[in-house]
Student: 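Below is the structure I would like to discuss, written out as structure tokens.
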Amino acid sequence: MYDFRHAEDKWQRFWAENKSYKATRSGKPKFYVLDMFPYPSGKGLHVGHLKGYVASDVVARYKRACGFEVLHPMGWDSFGLPTERQAQRENTSPQDVTKRNIAAFREQLEAVALSYDWDREIATSDPKYYRWTQWIFSRLFEKGLAYTEEVTVNWCPAMGTVLANEEVVDGKYVETGDPVERRKMKQWMLRITAYADRLLDDLELVDWPKPIKRMQENWIGRSEGAKIKFQLVNDDRHVEVFSTRPDTIFGATYLVLAPEHELLDEVLQTAGLDLTEYVETARNRSELDRIAGASEEKTGFDTSLKAVHPVTKEEIPIWVSDYVLGGYGTGAVMAVPAHDERDFEFARTFDLPIPTVVVPARLFVLDWASKHIQLLQERSEALSIPFGSVLGTLIKAAEAHDGDKPLTQTALENILKDLKPGKHDSRLAVEALGNAINGAEAPSDEVFKATLARDWFGQQPSEAFTGKGYTVNSSHDTLQLNGMWTDDAIRSTAEWLTDAACGATHTNYKIRDWLFSRQRFWGEPFPIVLDDENEPHLLDDSALPVSLPDMDYTEFSDENMQNADGPVTPLGFADDDWLRPEINGRTFTRETNTMPQWAGSCWYFLRFCDPGNSSDLCNKDEEAYWMPVDLYVGGAEHATLHLLYARFWHKFLYDLGVVTSPEPFKKLFNQGMVHSTSYRDASGKYYYPDEVTKSDNSWSVIATGDPVSAQVEKMSKSKCNGVPPEDVISEYGSDALRLYELFMGPIEDGGLWDGNGLKGTKRFLDRLWTLAQNKRVPTLPLDGDLARHTHLTIQSVTEDIESFNLNTAVSAFMKLLNDAGKESELPDEFFHIFARLLQPFAPHFAEELWQTLGKEGSILNAPWPEHDPSLCEEDEVDVVVQVNGKKRAIIRIAATASQDVAETGARTEVPMLNESGFTARRVIYVPGKILNFVV
RNA sequence: GCGGGCGUGGUGAAAUUGGUAAACACAGCGGACUUAAAAUCCGCCGGCCGUUUAGGCCUUGCCGGUUCAAGUCCGGCCGUCCGCACCA
């Protein structure tokens with residue numbers, strides 16, 4: 001039996017003593033494999049966290065064996081609120097808590113034999129590290145990308161701090177679920193919006209999962225449109241609106257202001273009570289309330305202000321409604337009820353007119369058809385289907401064919417030509433048109449006109465049409481849009497607006513600037529001091545790092561953090577020695593906010609290239625050699641947080657010339673969340689698996705007999721379903737754990753943790769070990785089927801690692817072992833290859849096996865095996881014989897056999913092929929795969 | 001509501017990218033070894049029909065299409081998960 005405890009002790013010590021994973025800049029090609037570094041919480045790691053770490057470790061080890069210089073580092077994202085809270089609870093300092101948690105985390109990671117270069121270990125809370133975080137902030141400040149502003153912020157009372165937009169989902173703090181309020185406060189902001197375009201466009205440069213890219217695109221939310229000015233009646237001021245559809249300007253029958261709109265401030269002084277109350281309530285509404293209101297009926301008030309329509313010069317009313325957001329665009333919209341769902345609802349609610357100015361392409365088809373009735377009728381007769389069906393199918397096909405582009409006459413003619421009975425699913429269109437046009441008879445021109453009129457002009461539309469189409473009802477003296485396709489109408493309108501000096505094209509973004517300050521202690525202090533007027537001054541670089549002061553942390557009780565004037569920051573309690581520095585004879589007050597947790601992780605991958613540098617954040621040569629990160633592995637939950645922030649800072653550093661690549665992470669992989677069964681009683685209290693028992697299909701608590709429900713949930717300590725790796729390792733060993741983490745399923749799928757599954761991977765190692773002890777014959781050559789299977793395994797495992805399909809790599813090992821188990825003697829060569837293939841997956845085992853084979857030194861020095869293609873080829877192959885696609889037999893013939901040979905072979909196996917009257921209409925032969933007789 | 005993904009045995013999952021569906025493993029069942037249990041080894045293991053055998057039919061959420069051939073491609077449903085959400 002393989003003694004995993006002995007092997008783990010021995011080899012972990014060996015690797016540490018020999019610094020086996022040390023990365024040094026060399027002449028070799030480099031490969032940078034990075035894991036998202038963890039936040040060292042007091043709860044420790046569970047097996048779910050390890051899945052991505054093990055997977056990236058396999059790649060790191062494989063790349064080393066392939067001759068790459070591999071950088072595979074690990075560190076700690078160690079600033080953060082939970083540590084601060086833990087320190088309060090334990091009456092100690094965040095520094096002490098951090099130190100302890102890091103030690104515990106590192107011990108857990110080392111037990112899994114992750115091949116990190118520990119000499120490069122960093123922690124974001126180390127002053128030697130955050131000195132450079134502050135340095136980057138200083139550069140941002142100098143370039144005007146960091147600024148303070150009185151803004152409406154997401155204030156989280158439970159956390160006692162403000163939060164970034166990215167940290168708030170559904171009006172709650174994404175980490176804890178605590179509600180978030182809106183509050184006006186002066187805060188530090190980073191101008192990420194200045195990089196919006198590049199953050200969006202450069203997504204093309206990286207090999208990332210599509211969902212993550214899509215999430216970033218949506219978050220940045222670029223939309224092209226125009227800003228349009230509406231002059232106020234009897235007033236020289238104007239309201240500016242943003243619209244992505246300036247082409248619908250003739251359909252704009254009123255304006256709507258957001259409750260936050262500044263024009264209202266004055267109106268409110270004379271307005272009636274109802275309006276005032278509405279605006280005040282909306283302005284103070286919490287995020288949660290506002291979201292809840294989205295599904296309700298639209299509300300609003302007429303402000304009694306009037307604006308002049310820029311084209312028609314008609315007077316239109318100005319309303320206020322909370323469906324218009326103060327923070328997006330200009331905080332005001334021109335309402336086009338016929339072509340915007342929200343405006344439509346609003347107009348319905350308040351009984352405002354809904355004039356149509358765009359009609360869908362369908363109309364064009366009808367219009368064209370009305371002029372080509374002859375042609376349609378011919379097709380109708382040729383296909384012997386009703387005229388209404390031909391037309392309906394034509395419309396359906398035209399829309400499906402090119403829904404977003406204008407239809408051309410040629411396109412319609414082609415579609416008509418391609419029509420076959422039943423070829424297109426046209427039920428809906430046929431139904432509608434069949435009724436309208438009345439069956440097989442070709443309708444008259446009048447019928448068409450009547451149909452068009454009824455559908456688009458005659459009555460109020462039943463819903464907003466928001467797609468592209470043809471512009472109608474949109475011509476006035478100087479601007480004629482009638483008949484234009486939407487894209488052209490947008491262009492024409494924009495030109496007109498520019499000429500008339502009442503608007504211009506404009507690109508708008510959903511992304512806002514990044515709120516960059518927090519009212520917490522355990523974060524990076526800003527390199528900023530404030531003068532008596534509260535104006536910020538940047539400290540000289542020589543003053544860095546601005547270290548956190550020693551403080552009595554127990555003072556940070558929740559009561560102390562609040563007072564009548566609002567929140568107080570912990571650093572505000574620091575002694576004057578720290579808080580009130582004297583610079584050039586003048587006394588300043590330090591900025592007492594700290595940076596958010598995301599700051600440190602924005603650039604840590606750079607520091608790993610040169611972690612000890614005290615004169616630079618990273619040496620230029622080191623950066624140029626190692627960067628960018630070739631493979632980055634971590635959870636998808638950072639899609640619009642860390643991954644966006646880090647790209648922003650990286651681009652800024654690129655502009656400064658500090659880094660040489662525009663994007664930091666070339667290839668990204670998301671590991672899925674591991675789930676396991678959790679047990680919860682009626683009150684919501686969770687129990688550990690060993691506290692509950694199952695009888696008759698229901699679960700109950702052993703101690704009390706209370707019933708509990710069992711469900712599958714994300715693995716986490718708080719749900720008592722997080723499995724600690726040390727428990728698994730002591731029973732099955734580190735290598736069996738590693739193999740199981742990978743064997744569970746694809747990396748990105750997460751999967752369900754099944755303790756029994758570990759038996760399989762442990763059994764695999766034990767059986768291989770036994771084979772090596774009992775059946776090894778050193779002089780035996782590796783040949784025949786075993787040689788073929790072995791080399792095929794080299795090939796498939798290599799491909800699997802390259803494409804990150806590690807679950808199938810493990811199963812390839814098992815198949816090879818099952819095959820080898822049938823032999824009575826096995827050559828050394830077989831084990832040599834097996835050990836090297838296994839090294840990235842089961843490193844302790846591979847070392848131990850290598851040594852058993854009499855090899856000198858560590859297997860880490862052995863090169864990755866290469867497969868011999870000539871050994872992989874087979875002389876004879878299985879070919880499936882089918883009749884009409886149905887499997888009838890499998891024949892074994894020469895791989896190079898001709899079709900004649902194959903057919904002869906098939907006839908001896910499948911009697912029905914020889915029956916009189918059997919004639920194949922066609923025979924399809926795919927050598928090595930299939931022989932199909934079609935009758 | 002919008003965007004994206006996913007749906008295959010009792011379970012986790014494979015399937016050379018259109019060519020033998022269910023590899024590999026877990027669980028289960030039967031057997032060997034053992035005083036016994038564990039461990040280990042051997043066999044069976046999608047469904048239906050067939051007493052065993054031989055064999056046959058069906059099967060990748062549902063309906064339809066393309067193809068000699070569909071888990072894979074196309075269209076439409078249903079279910080599920082994730083992200084965004086009154087973004088003009």
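Here is the naming used below: chain letters follow the sequence lines, and residue numbers restart at 1 for every chain.
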Student: Rounded to whole angstroms, how far apart are CZ on Phe933(A) and C1' on C68(B)?
Tutor: 12 Å
Student: For Asn756(A) and U11(B), give me the distance from atom CG to atom P, rounded to whole Å.
Tutor: 15 Å
Student: Examine C86(B): is either OP1 or OP2 under 4.0 Å from a nitrogen or oxygen in the side chain of Lys298(A)? Give yes or no.
Tutor: no
Student: So, OP1 or OP2 of C26(B): does either fall under 4.0 Å of a side-chain N or O from Lys762(A)?
Tutor: no
Student: For Thr761(A) and for Lys714(A), locate the closest nucleotide of RNA chain B by heavy-atom distance; then report the residue assigned to the nucleotide nearer the 5' terminus.
Tutor: Thr761(A)
Student: Would you say Asn721(A) and Ser676(A) are linked by a side-chain donor-acceptor pair, where the criterion is simply a distance under 3.5 Å?
Tutor: yes
Student: Would you classify Arg921(A) as touching base, sugar-phosphate or nothing, given that sugar-phosphate means primed atoms plus P, OP1 and OP2, and contacts are heavy atoms under 4.0 Å?
Tutor: nothing
Student: Please determine, by modelled atom types, if Gln711(A) and Thr677(A) share a side-chain donor-acceptor pair under 3.5 angstrom.
Tutor: no
Student: Between C62(B) and G79(B), how far apart are the P atoms? Round to whole Å, please.
Tutor: 15 Å
Student: Would you say the side-chain atoms of Thr193(A) and Tyr509(A) include a donor-acceptor pair closer than 3.5 Å?
Tutor: no
Student: Considering only side-chain heavy atoms of Met814(A), which listed nucleotide, A88(B), C57(B), A25(B), is closest?
Tutor: A25(B)
Student: Please confirm whether Tyr645(A) and Trp514(A) have ring centers closer than 6.0 angstrom.
Tutor: yes
Student: Is it the case that Lys298(A) places NZ or CZ above or below the six-membered ring of Tyr323(A), under 6.0 angstrom from the centre and within 45 degrees of the axis?
Tutor: yes
Student: Would you mind reading off the distance between Asn884(A) atom CG and A70(B) atom P, rounded to a whole angstrom?
Tutor: 11 Å
Student: Given side chains that start at C-beta, do those of Asn805(A) and Pro746(A) come closer than 4.5 Å, heavy atoms only?
Tutor: no
Student: Check this one for me: any side-chain N or O of Tyr323(A) less than 4.0 Å away from OP1 or OP2 of A88(B)?
Tutor: no
Student: With a 4.0 Å cutoff (strictly under), does any side-chain N or O of Arg214(A) reach OP1 or OP2 of C82(B)?
Tutor: no
Student: Taking atom P in both G10(B) and G47(B), what distance in whole Å separates the two?
Tutor: 7 Å
Student: Please check the phosphate of C2(B) (OP1 and OP2 only) for any side-chain N or O of Asn218(A) closer than 4.0 Å.
Tutor: no
Student: Please state the P separation for the pair A70(B) and C57(B) - nearest whole angstrom.
Tutor: 16 Å
Student: Counting just side-chain N and O atoms, does Ser223(A) come under 4.0 Å of either OP1 or OP2 of A88(B)?
Tutor: yes
Student: Answer yes or no: is there an ion pair linking Lys210(A) with Glu217(A), defined by an N-O contact shorter than 4.0 Å?
Tutor: no
Student: Any side-chain donor paired with an acceptor under 3.5 Å for Ser223(A) and Asn508(A)?
Tutor: no
Student: Is there a Watson-Crick or G-U wobble partner for A54(B) with both distances under 3.5 Å, and which nucleotide is it?
Tutor: none
Student: Quick one: do the Lys815(A) and Asn818(A) side chains pair a donor with an acceptor below 3.5 Å?
Tutor: no
Student: Does the side chain of Glu240(A) pick up a donor-acceptor pair with the side chain of Thr330(A) at under 3.5 Å?
Tutor: no
Student: When we call it a touch if two heavy atoms are under 4.0 Å apart, what does Arg888(A) touch: a base, just sugar-phosphate, or nothing?
Tutor: sugar-phosphate
Student: Please list each protein N or O that sits under 3.5 Å from an N or O in nucleotides 6-8 of chain B, with the distance.
Tutor:
none

Student: Who does G18(B) pair with, Watson-Crick or G-U, both distances under 3.5 Å?
Tutor: none
Student: Using Watson-Crick or G-U wobble geometry with both distances under 3.5 Å, which nucleotide pairs with A37(B)?
Tutor: none
Student: Describe, in one word, how the ring planes of Tyr2(A) and Phe4(A) are oriented to each other, choosing from parallel (under 30°), tilted (30 to 60°) and perpendicular (over 60°).
Tutor: tilted
Student: Which nucleotide, in any strand shown, forms a Watson-Crick or G-U wobble pair with G79(B), with both distances under 3.5 Å?
Tutor: C6(B)
Student: Check the distance between C81(B)'s P and Leu752(A)'s CG and give it to me in whole angstrom.
Tutor: 16 Å
Student: C86(B) P sits how many Å from Glu260(A) CD, rounded?
Tutor: 13 Å
Student: Can you check each nucleotide of nucleotides 18-23 of chain B against protein heavy atoms at under 4.0 Å and return B for base, S for sugar-phosphate only, - for none, in 5' to 3' order?
Tutor: -BB--B
Student: Considering every strand and a 4.0 Å limit on heavy-atom distances, what is the contact class for Asn818(A): base, sugar-phosphate, or nothing?
Tutor: sugar-phosphate
Student: Taking the C1' atom of each, how far is U16(B) from G28(B), in whole Å?
Tutor: 32 Å
Student: If anything within 90° of 0 is syn and all else is anti, what is U17(B)?
Tutor: syn
Student: Picking from G4(B), C26(B), A88(B), which would you name as closest to the side chain of Arg763(A)?
Tutor: C26(B)
Student: Does any N or O donor sit under 3.5 Å from an N or O acceptor when you compare the side chain of Lys510(A) with the base of C84(B)?
Tutor: no
Student: Hey, does the side chain of Arg245(A) come within less than 4.0 Å of A88(B)'s phosphate (OP1/OP2), counting only N and O?
Tutor: no
Student: Relative to the 5' end of RNA chain B, which residue comes earlier, Tyr509(A) or Gly745(A), by the nucleotide with the nearest heavy atom?
Tutor: Gly745(A)
Student: If C84(B) has a Watson-Crick or G-U wobble mate with both distances under 3.5 Å, name it; if not, just say none.
Tutor: G1(B)
Student: Starting at CD of Glu748(A) and ending at C1' of C82(B), how long is that distance when rounded to a whole Å?
Tutor: 14 Å
Student: Could you check if the base of G64(B) is syn or anti? Syn means the glycosidic torsion is within 90 degrees of 0.
Tutor: anti
Student: If the P atom of G9(B) is compared with that of A88(B), how far apart are they to the nearest Å?
Tutor: 42 Å
Student: Can you tell me how far C1' in C45(B) sits from the matching atom in U11(B), rounded to whole Å?
Tutor: 13 Å
Student: Do NZ/NE/NH1/NH2 and the carboxylate oxygens of Arg283(A) and Glu260(A) come within less than 4.0 Å?
Tutor: no
Student: If I pick the C1' atom on G18(B) and the same atom on A54(B), what distance separates them, to the nearest angstrom?
Tutor: 33 Å
Student: With rounding to the closest Å, how many angstrom separate the P atoms on U60(B) and C41(B)?
Tutor: 36 Å
Student: Expressed as a whole number of angstroms, how long is the span from Leu768(A):CG to A25(B):P?
Tutor: 13 Å
Student: For Val333(A), answer base if it contacts any base atom (sugar-phosphate contacts may also be present), sugar-phosphate if it contacts only those atoms, and nothing otherwise; contact means non-hydrogen atoms under 4.0 Å.
Tutor: base
Student: Are Phe669(A) and Trp208(A) an aromatic pair, judged by ring center distance below 6.0 Å?
Tutor: no
Student: Using whole Å, what does the distance between atom C1' of nucleotide A88(B) and atom CG of Asn508(A) come to?
Tutor: 9 Å
Student: What is the nucleic acid contact for Val879(A), judged by heavy atoms within less than 4.0 Å: base, sugar-phosphate only, or nothing?
Tutor: nothing
Student: Answer yes or no: does a side-chain N or O of Arg922(A) lie under 4.0 Å from OP1 or OP2 of C68(B)?
Tutor: yes
Student: Assign the ring pair Phe242(A) / His506(A) to parallel, tilted or perpendicular, where the plane angle (0 to 90°) is split at 30° and 60°.
Tutor: perpendicular
